[in-house]
Amino acid sequence: MAHFVKKVLTDIRSNRFLNLITIITISLSILVVSVFLLFFENASRVIESWNQGGRAMIYLNKEFSLDMLPKLKVKIKTLGDIDEIVYISKAQALDKLKKNMSSQSAFLKTLKENPLPDALEIRMRSYNSFEEVQKFAQSIKALEIVEDVEYGQGWLGRFLQIFNLFKITGYAMCTLFFLIALFITANTVRLAFYSRKLEIEIMRLVGATETFIKTPFYIEGLLQGFLGGTLGLIILLITYLMISSGMTQSLASYMYFDVRFLSVKTIVLIIVGSTFLGWFGCYLSLKQILK
Amino acid sequence: MNDKTNKNSIIRLFNVSKRFGGKLALKDITLDIEQGELIFISGPSGAGKSTLLKILYLAQKASEGQILIDGMNLARISSSKLPFLRRRFGMIFQDFKLIPNRTVFENVALVLEAAGEKPSFIRKKVMQVLRTTGMEKKFNTLPPTLSGGEQQRVAVARAVVGEPSVVFADEPTGSLDSKSAQAILDFLMGYHKKGATVLIVSHNLHLLERTVSGRNIEISEGRIKRIATIFQDKERKQ
Ligand SMILES: Nc1ncnc2c1ncn2[C@@H]1O[C@H](COP(=O)(O)OP(=O)(O)OP(=O)(O)O)[C@@H](O)[C@H]1O
Ligand SMILES: [Mg+2]
């Protein structure tokens, strides 16, 4: 092992420029990918908080009476995976309204009839996607007793359309940059291999196995992937810190959320991914050269 | 000298030919090399001596014919086992084949590293072999800065560092003055006396006069022209 590490270090030193280019290419690719991931992670968190984790209000029409409630609850529960259903009578709703609008409560007192509908507030247990909530809401809306269902569909839906578009673009960009990084890595390995062709031939002649010959290349690939991934994330972190220190206060107070850096899980995933990329580039290249 | 009743062949060739493009470099070579033998291979330039040695060393594949190694047919041995077979052989190439950007020490150490030896053992063993070949002072030098004779000695050190049971030497004294040539030859003879099989390619027939036993294989135009014990050669001269 010590032999391989020594070998890799001397190889990297003798091919400094090539290695630097490879690491920078990988780090830029990782940067693009992680910018998207940063965006997705924050956007998903915001969407979820706005949507309150799958919360919806069901407004019932005039035909509703309290004795229908148990049956209705059972019915709704068959339509989706519901965590809880809270009944809010129109009287409760009016009380709440009066409390919130104490100065105008005089106006509310003039009302002969309570104009508010009875409502059910529900929370879904497994809230995975907006689409799921949407489908669930439609099936509830189809019930006769239901007047309307509110789950932030209007502007949130539009936002989600844009978000999904971003997501597709993001996937495409990530794939593109992954392929670029893979191509560059594979090419670096190929150049390194040909620059050491004589050495490899001699190694074979003195009884070196193919594993012995290939191992330094794999270590180099893994190292390049790891360093490239780490460098990409460091660049992202520095940029993030610079931007967020200047913007957080003003922006966060406007938008009711803070931009958070990537989760530990995602960071580990990115580094593992880029290390794999280095390995895979090496694998493809050696497979092509040696067969 | 050759105890025919107790044959212990290491390498046997049966009707081996080697073709480069349309040109036959070796034709119909049948040869039996025994454990502990000393063999000279002589013949004019272009006769096919290096080619024969490379085929014996498994560095080149024969175009036709069978090769047995320790009784095993080479055709039946998977290519992944080849490195392990080759470790039992040491080779001094005519063009040395030293890695130019690795030091003398690293070039010699490579054999042991490839065999998976421990670094402490490698350090000790390589320095010891470099001492016996007179190259220990230049262990940290790059081969291109060495003289031809010095490179030759590094090549010899690399060939024997793994203590192979067979050593192939292609013109090991080719570019040397007579004193250095004698030193290398003495070294190889010493290695042979320890029980190793040694094959030396040379068109310098003076080498034969300095040895007491062994076989001389004369090659001409890719064919074995004559196999003779060196003892017989001497008798004939008298
Ligand atoms: N790799 C090769 N490709 C094509 N032809 C080759 C190759 N190697 C050897 N030959 C040819 O095979 C013939 C024998 O070559 P070889 O090197 O074995 O000769 P030799 O007896 O070692 O000569 P010398 O004494 O000059 O070293 C020559 O005609 C040579 O041109
Ligand atoms: Mg030759």
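Lettering follows sequence order; numbering is per chain, from 1.
Residue B/Phe93 touches chain A through its side chain alone, counting heavy-atom pairs closer than 4.5 Å. There is no contact between B/Ala115 and chain A, counting heavy-atom distances below 4.5 Å. Interface remark: A/Glu199 contributes backbone and side-chain atoms alike to the contact with chain B (heavy atom separation under 4.5 Å). For B/Arg102, the part lying near chain A is the side chain, with the backbone staying farther off; criterion is any non-hydrogen pair under 4.5 Å.
What you find for A/Leu205 and B/Arg86 is that their closest heavy atoms are O-CD, 3.3 Å. In plain terms, the two heavy atoms of A/Val206 and B/Tyr57 that are nearest each other are CA-OH, 4.0 Å.
By the 6.0 Å contact criterion, OH on B/Tyr191 is enclosed, its count of non-hydrogen atoms from other residues, nucleotides or ligands being greater than 12. Heavy-atom neighbours of B/Lys27 NZ from other residues, nucleotides or ligands within 6.0 Å: above the threshold of 12. Within a 6.0 Å radius of CZ in A/Phe166, no more than 12 heavy atoms belonging to other residues, nucleotides or ligands are found. With a 6.0 Å radius and a threshold of 12 heavy atoms from other residues, nucleotides or ligands, B/Phe121 has its CZ atom above the threshold. Under a cut-off of 6.0 angstrom, the local environment of OH in A/Tyr283 is sparse, with at most 12 non-hydrogen atoms contributed by other residues, nucleotides or ligands.
Distance check, rounded to the nearest 0.5 Å: CG of B/Leu82 to CD of A/Glu210 gives 10.0 Å. Between atom CD1 of residue A/Ile202 and atom CZ of residue B/Arg158 there is a gap of 6.0 Å, rounded to the nearest 0.5 Å.
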